[in-house]
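Report on the following structure.
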Amino acid sequence: MEIDTGITSEVFTIKSETKLVDIFNEIILKKSKAVFDYIESLNTDINTKIVVIGTYFTGVGIVKKLSEKYENILLIDIYPHLEELLQTQLGGSLKSEIEFSSNLDLIYSGDIVIDTTGFGGINVEQSSKFDVEAFIIEDPVAEDNDELLKEKNNIYKRLEAVNSPNKAIIKTTGINTKTSGTMTLTIGILTNLLNKCHGKEGVLYSACEMGFFEEVIFKEKDIAKFIELTDANAFKVSTINPFNLDSLIAEELNKINSKMI
């Protein structure tokens, strides 16, 4: 943790060593490890064709984790520029080469398919055409605490439409967010920290470095800018009584659980 003096020598500015990208990566790792372990439990051959649909952000983490062992991986996304994320620190690092494509016709080319597209992604009709060894889908809803989102969620219909002997859902919960997206969970962690710090004796104010990165990624399509923005201290506090910010971040991260159901 970094500590600087503030406006006067009696007030300190404390900064977390944890960066925004570190929080993203911890959440992504929880999801990708759950998927990796499930595929391992199926005794999957290293040459089995694995298709991952959707890059942002679960998909990129899953393919990077799978690249530690499996050699025939295809990542499909309708946004071609998201291929750049494969060469960044987001989601870890690639251990072997994978294929990237924006051709949705290729979603049916795998033996194992992982659908991370969430709301507005692969639909029920498309799902009914899958005939695969295993099908995994990410639930975009976290705690079932929003009726409109719950009604919008069609992953159970999509899963039911798939022809496969092995079906599983990636379910991520823990901090009472509405959705399970990595960005949503990160904002949830930072919001909880803001509230915790506000209640601490001696704290003047606190701030986080979170921006609305969706615009940078999907409107500006500037992946380099996104990575630069997230390579920053996640949290800062003005206080007369310094404390360990990184341990508070770790506490929130530890509440998040990703499992296959």
Do Lys200's NZ or CZ and the ring of Phe243 fall within the cation-pi criteria of under 6.0 Å and 45°?
yes

Can you measure from CE (Met183) to CZ (Phe24) and round to the nearest 0.5 angstrom?
4.5 Å

Not counting sequence neighbours, which residues clear side chain to side chain donor-acceptor pair (under 3.5 Å) with Thr18? List them please.
Asp246

Is a side-chain donor or acceptor of Asn25 paired with a backbone partner of Asp22 at a separation under 3.5 angstrom?
no

Quick check: is Ile175 connected to Leu248 through a chain of hydrophobic side chains (ILVMFWY, heavy atoms under 4.5 Å apart)?
yes

Check whether NZ of the Lys or CZ of the Arg Lys167 lies under 6.0 Å from the centre of the six-membered ring of Phe135 and within 45 degrees of that ring's axis.
no

How long is the gap from SG on Cys197 to CG on Asn192, to the nearest 0.5 Å?
11.0 Å

Going by the rule side chain to side chain donor-acceptor pair (under 3.5 Å), which residues pair with Asn145 if we only count those two or more places apart in sequence or in a different chain?
Asn176

Mind listing the closest non-hydrogen atom pair of Ile155 and Glu138 along with its distance?
CG2-O, 3.8 Å

Side-chain (Ser164) to main-chain (Glu133) donor-acceptor, under 3.5 angstrom:
yes

Test: ring pair (Phe, Tyr, Trp, His ring centres under 6.0 Å). Region: residues 170-217. Which pairs qualify, not counting sequence neighbours?
Phe213-Phe226

Do you see a donor-acceptor pair shorter than 3.5 Å between the side chains of Lys95 and Ser93?
yes

Close side-chain approach of Phe130 and Asn163, heavy atoms under 4.5 Å
no

Non-hydrogen atoms of Ala142 and Thr177 that approach each other most closely
CB-O, 3.5 Å

Whether Asp111 side chain and Thr48 backbone form a donor-acceptor pair below 3.5 Å
no

Check whether any side-chain N or O of Asn154 sits under 3.5 Å from a backbone N or O of Lys157 as a donor-acceptor pair, and report yes or no.
no

Mind running side-chain contact (heavy atoms from CB on, under 4.5 Å) on Glu209 and Thr230 for me, showing each step along the way?
CA-CA 8 Å; Glu209 295 301 317; Thr230 58; over 6 Å; no

One should read off an interatomic distance between Thr117 OG1 and Ile122 CD1, to the nearest 0.5 angstrom, of 5.0 Å

Are Thr13 and Ile3 close enough that some pair of their side-chain heavy atoms sits under 4.5 Å apart?
no

Check ion pair Lys178-Glu143 (N to O, under 4.0 angstrom)
no

Connected via hydrophobic side-chain network under 4.5 Å: Ile14 and Leu190
yes

List in chain and number order the residues that pass side chain to side chain donor-acceptor pair (under 3.5 Å) with Lys129, two or more places apart in sequence or in another chain; answer none if no residue qualifies.
none

Shortest non-hydrogen pair, Leu159 vs Ala168, comes out as CD1-O, 4.3 Å

Give a yes or no on whether Leu42 and Val63 share a hydrophobic cluster (residues Ile, Leu, Val, Met, Phe, Trp, Tyr; joining criterion: side-chain heavy atoms under 4.5 Å apart).
yes

Chi angles and distances behind the salt bridge (Lys or Arg N to Asp or Glu O under 4.0 Å) call for Lys150, Asp146
CA-CA 6 Å; Lys150 189 175 180 179; Asp146 187 298; over 6 Å; no

Counting distance only, does the side-chain N/O of Lys33 pair as donor-acceptor with the main-chain N or O of Ile28 below 3.5 Å?
no

Student check: side-chain heavy atoms of Ile240 and Leu204 closer than 4.5 Å:
yes

From CA spacing to verdict: salt bridge (Lys or Arg N to Asp or Glu O under 4.0 Å), Lys255, Glu252
CA-CA 5 Å; Lys255 294 176 185 178; Glu252 292 299 312; 2.9 Å; yes

When you measure from the side chain of Asn254 to the backbone N and O of Ala250, does any donor-acceptor pair fall under 3.5 Å?
yes

Using distance only, find each side-chain donor-acceptor pair of residues 97-105 under 3.5 Å and give its atom names and separation, not counting sequence neighbours.
{"from": "Ser101", "atom 1": "OG", "to": "Asn103", "atom 2": "N", "distance (Å)": "3.0"}
{"from": "Ser102", "atom 1": "OG", "to": "Asp77", "atom 2": "O", "distance (Å)": "2.7"}
{"from": "Asn103", "atom 1": "OD1", "to": "Asp105", "atom 2": "N", "distance (Å)": "3.0"}

Can a donor-acceptor pair be found, under 3.5 Å and without considering hydrogens, that links the side chain of Tyr70 to the backbone of Lys65?
no

Assess the residue pair Ile112 and Val132 against the criterion (side-chain contact (heavy atoms from CB on, under 4.5 Å)); give the C-alpha distance rounded to whole Å, side-chain angles, the decisive distance to 0.1 Å, and a yes or no.
CA-CA 6 Å; Ile112 295 176; Val132 291; over 6 Å; no

Tell me, with the steps shown, if Leu193 and Cys208 meet side-chain contact (heavy atoms from CB on, under 4.5 Å).
CA-CA 9 Å; Leu193 285 176; Cys208 54; over 6 Å; no

Would you say that Leu229 contacts Lys225 through its side chain, given a criterion of any heavy-atom pair below 4.5 Å between the two side chains?
yes

To the nearest 0.5 Å, how far apart are CD1 in Ile39 and CD1 in Ile62?
7.5 Å

Please lay out, stage by stage, how Lys196 and Glu251 fare under the test salt bridge (Lys or Arg N to Asp or Glu O under 4.0 Å).
CA-CA 11 Å; Lys196 277 187 177 181; Glu251 285 177 14; 3.3 Å; yes

Sequence neighbours excluded - salt bridge (Lys or Arg N to Asp or Glu O under 4.0 Å) pairs with any residue from residues 183-192:
none

Smallest heavy-atom separation, Lys49 atom then Asn72 atom, equals CD-OD1, 3.2 Å

Going by heavy atoms in the side chains, are Val51 and Ile73 under 4.5 Å from each other?
no

Phe218 ring center near Tyr56 ring center (under 6.0 Å)
yes

Using atom types as modelled and distance alone, determine if a side-chain donor or acceptor of Thr239 lies under 3.5 Å from a backbone N or O of Gly202.
yes

Rounded to the nearest 0.5 Å, how far apart are CG of Asp139 and CD1 of Ile261?
6.5 Å

State the CD1-OG distance between Ile137 and Ser127, to the nearest 0.5 angstrom.
6.0 Å

If you count every heavy atom of other residues, nucleotides or ligands that lies below 6.0 Å from Tyr79 atom OH, does the total exceed 12?
no

Gln89/Ile227 under side-chain contact (heavy atoms from CB on, under 4.5 Å): CA gap, chis, key distance, verdict:
CA-CA 8 Å; Gln89 61 184 316; Ile227 294 300; 4.1 Å; yes

Would you say Thr172 and Ser180 are linked by a side-chain donor-acceptor pair, where the criterion is simply a distance under 3.5 Å?
no

In terms of hydrophobic clustering (I, L, V, M, F, W, Y; side-chain heavy atoms under 4.5 Å; direct or indirect links), are Leu185 and Leu29 co-clustered?
no

Please find the pair of heavy atoms, one from Lys64 and one from Leu90, that lie closest to each other, and give the distance.
NZ-O, 2.7 Å

Answer yes or no: is there a side-chain heavy-atom contact under 4.5 Å between Ile114 and Ile50?
yes

Heavy-atom closest pair (Ala34 atom, Met260 atom, distance to 0.1 Å) is O-CG, 3.5 Å

Does a donor on one side chain sit under 3.5 Å from an acceptor on the other, for Thr179 and Thr184?
yes

Shared hydrophobic cluster for Phe235 and Ile187 (ILVMFWY, side-chain gaps under 4.5 Å)
yes

Under 3.5 Å, is there a donor-acceptor pair between the side chain of Thr116 and the main chain of Ile53?
yes

Would you check if Phe36 and Glu40 make a side-chain contact, meaning some heavy-atom pair closer than 4.5 Å?
yes

